Amino acid sequence: MVRARAQLSTRLMNVCLAALCRGGSLARAESVLVDAIRLGMPPDVVSYNTLLAAHCRASGLEAGFAVLRRMREAGVGPDAVTYNTLIAGAARSGLTVCALDLFDEMLQTGIAPDSWGYNTLMHCLFRSGHPEDAYRVFADMAEKGVAPCTTTYNTLLDGLFRSGHASNAYRMFRYLQRAGLPVGIVTYNTMINGLCRSGKVGYARMVLRELGRTAYAPNAVTYTTVMKCCFRYGRFDQGLDTFLTLLEGGYIPDLFPYCTVISALVKKGRMEEANTYSQLMIQSGFRLDSACYNTLIYLRCQEGKLDDAFELLSMMEEGGLESDEYTFSILVNGLCKMGHVEAAQKQLCYMEMRDMESNVVAYNCLVDALCKSDQVDAAIKLLHDMKLKDDFTYTSLVHGLCKVGRYHMASKFLRICLREGNSVLASAKRAVIAGLRSAGFKNDVRKVRSALRMARLLKP
DNA sequence: TTAGGGTTAG
């Protein structure tokens with residue numbers, strides 16, 4: 001009887017913990033836990049899992065591991081949910097190897113992964129650019145007899161889009177519908193987002209119209225997705241109207257729509273409105289996460305207020321949030337635009353020291369800045385240090401070389417770029433060909449044209 | 001507890 005009462009109390013405490021964590025009152029949740037222990041209500045694995053998820057989301061994976069240590073010290077063993085949550089935390093921080101290690105640890109501990117565990121690992125592998133490994137996880141899931149659920153299909157659809165297989169994703173979506181497999185609002189949102197991002201706006205609109213004919217109501221995610229799509233494809237007013245409809249109707253459930261609209265306004269140079277919505281975002285009562293800080297730092301950088309930008313960075317880090325590759329890219333770009341190339345280089349060094357997986361954008365900003373200030377040789381030197389180069393890298397360099405009249409070198413890099421499967425802006429191609437012609441390099445013109453034809457033929 | 005939407009560069 002006494003034990004049953006204690007279990008019921010623990011269950012009630014867990015409800016309370018979940019509510020506090022959902023509302024972002026982590027400190028209060030922690031004090032409830034302390035009070036409960038004092039009153040003889042022992043926390044169980046659910047209590048710790050709830051706290052672990054909240055800490056992980058608010059402050060990153062290390063905070064999650066700290067809860068894991070605490071629960072072990074209290075004699076409460078982790079379960080599949082604990083590992084799922086930690087794997088999700090690792091995925092959010094881009095720590096793919098850590099996610100894989102956690103999955104292995106779970107298997108070695110004798111805890112059988114459920115569909116959520118498989119889904120989370122698949123999601124992590126897709127997001128970090130390892131689609132083949134993600135498919136292997138899916139195959140392993142089937143082999144172990146773990147039934148796929150709606151999330152599994154949604155993760156696969158999202159992964160197909162992210163790995164550049166939009167047509168396969170579309171075919172899979174139609175297959176799910178025909179086979180009567182679960183297709184819900186998340187599936188529609190995933191499809192609309194994936195189709196928009198892969199440039200298939202017509203298809204995205206068709207799926208959006210189809211959604212209107214189903215029983216599913218579009219939600220804030222749908223609207224944010226559509227809004228982002230409008231901004232991406234030059235329908236600025238339509239995007240802003242979508243935001244205002246959400247705002248005036250009181251339908252903004254979190255900070256995603258704010259980040260989208262502020263960034264779009266900054267890009268348009270409409271700083272006053274960007275500042276107005278930044279204030280609203282701060283006053284909304286939701287806890288700002290790193291994407292929100294990045295957006296605010298972006299606004300300050302583009303306004304040329306670098307001191308304010310760095311102050312925001314300190315606030316962010318003092319609040320327990322980690323800066324990420326977005327933060328660094330925004331700062332490097334801001335510093336470059338204000339002519340502080342050396343300071344930008346220093347930020348890139350910090351990035352290297354932090355061993356960040358993706359630094360290509362930050363490097364590209366510096367390459368571009370060096371090219372624009374006619375330091376093309378320094379840009380070429382930097383290019384050789386880069387592990388990954390993309391269309392942006394080569395476009396900046398090719399433009400930079402043309403600007404200083406080094407057309408032969410520009411054509412060489414243009415051909416390397418095409419050979420590596422990248423594309424360059426039409427303006428860069430034109431600059432190279434016009435330059436080579438004016439300098440009388442007829443043979444190089446022929447080589448460039450042939451490389452461009454080959455690239456078109458090989459284009460998927 | 002998990003999955004879909006937000007933040008950077010030519």
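This is a predicted model, so every value here is computed, not measured. Chain identifiers are assigned alphabetically (A, B, ...) following the order of the sequence lines, protein sequences preceding nucleic acid strands; residue numbering begins at 1 within each chain.
The side-chain hydrogen bond (donor to acceptor under 3.5 Å, both in side chains) search around Ser263(A) returns Lys267(A), not counting sequence neighbours. For Lys337(A), the side chain to side chain contact (heavy atoms under 4.5 Å, CB included) criterion is met by Asn333(A), not counting sequence neighbours.
Put simply, Ser263(A) has a side-chain N or O that comes within less than 4.0 Å of OP1 or OP2 on dT8(B). Contact annotation: Arg127(A) reaches the phosphate of dG4(B) (side-chain N/O to OP1 or OP2, under 4.0 Å). Of the side-chain N and O atoms in Lys337(A), one or more sit less than 4.0 angstrom from OP1 or OP2 of dG10(B). Neither OP1 nor OP2 of dT1(B) sits under 4.0 Å from any side-chain N or O of Arg57(A). Taking only side-chain nitrogens and oxygens, Lys267(A) comes nearer than 4.0 Å to OP1 or OP2 of dT8(B). Between Asn189(A) and dG5(B) there is no side-chain polar atom (N or O) within less than 4.0 angstrom of OP1 or OP2.
Straight-line distance from the CG atom of Asn119(A) to the P atom of dA3(B): 10 Å, rounded to whole Å. Straight-line distance from the CE atom of Met316(A) to the P atom of dT7(B): 15 Å, rounded to whole Å. Atom CG in Leu51(A) sits roughly 11 Å away from atom P in dT1(B) (whole-Å rounding). Between Ile297(A) atom CD1 and dG6(B) atom C1' there is a gap of 15 Å when expressed in whole angstrom units.
Taking the side chain of Thr225(A) as heavy atoms from C-beta on, and the options dT7(B), dG5(B), dG6(B), the nearest nucleotide is dG5(B). Here the nucleotide nearest the side chain of Ala53(A), chosen from dA9(B), dG6(B), dT1(B), is dT1(B). Side-chain proximity of Ser396(A) to dT1(B), dG6(B), dG10(B): nearest is dG10(B). Among the nucleotides dG5(B), dT2(B), dG10(B), the one closest to any side-chain atom of Trp116(A) is dT2(B). Nearest to the side chain of Asp324(A), among dT7(B), dT1(B), dA9(B), sits dT7(B).
For Thr395(A) and dG10(B), a side-chain-to-base donor-acceptor distance below 3.5 Å is present, hydrogens and geometry of angles not being considered. For Asp254(A) and dG5(B), a side-chain-to-base donor-acceptor distance below 3.5 Å is present, hydrogens and geometry of angles not being considered. Contact of Thr151(A) with dA3(B) (side chain to base): a donor-acceptor pair of N or O atoms is detected under 3.5 Å. You won't find any donor-acceptor pair under 3.5 Å spanning the side chain of Asn219(A) and the base of dG5(B), going by distance alone.
Between Tyr188(A) and Tyr216(A), the ring planes are tilted. Angles from 30° to 60° get that label. Ring planes of Phe413(A) and His384(A): tilted class, angle from 30 to 60°. Ring orientation note: the planes of Phe126(A) and Tyr135(A) are nearly perpendicular, at an angle over 60° on the 30°/60° scale.
When heavy atoms are screened at a 4.0 angstrom cut-off, Tyr298(A) is found touching the sugar-phosphate backbone but no base atom. Heavy atoms of Cys149(A) sit nowhere under 4.0 angstrom from any nucleic acid atom. Within the 4.0 angstrom heavy-atom criterion, only backbone atoms of the sugar-phosphate kind lie near Asn333(A); the bases stay farther away.
Other residues, nucleotides and ligands place no more than 12 heavy atoms under 6.0 Å from the OH atom of Tyr203(A).
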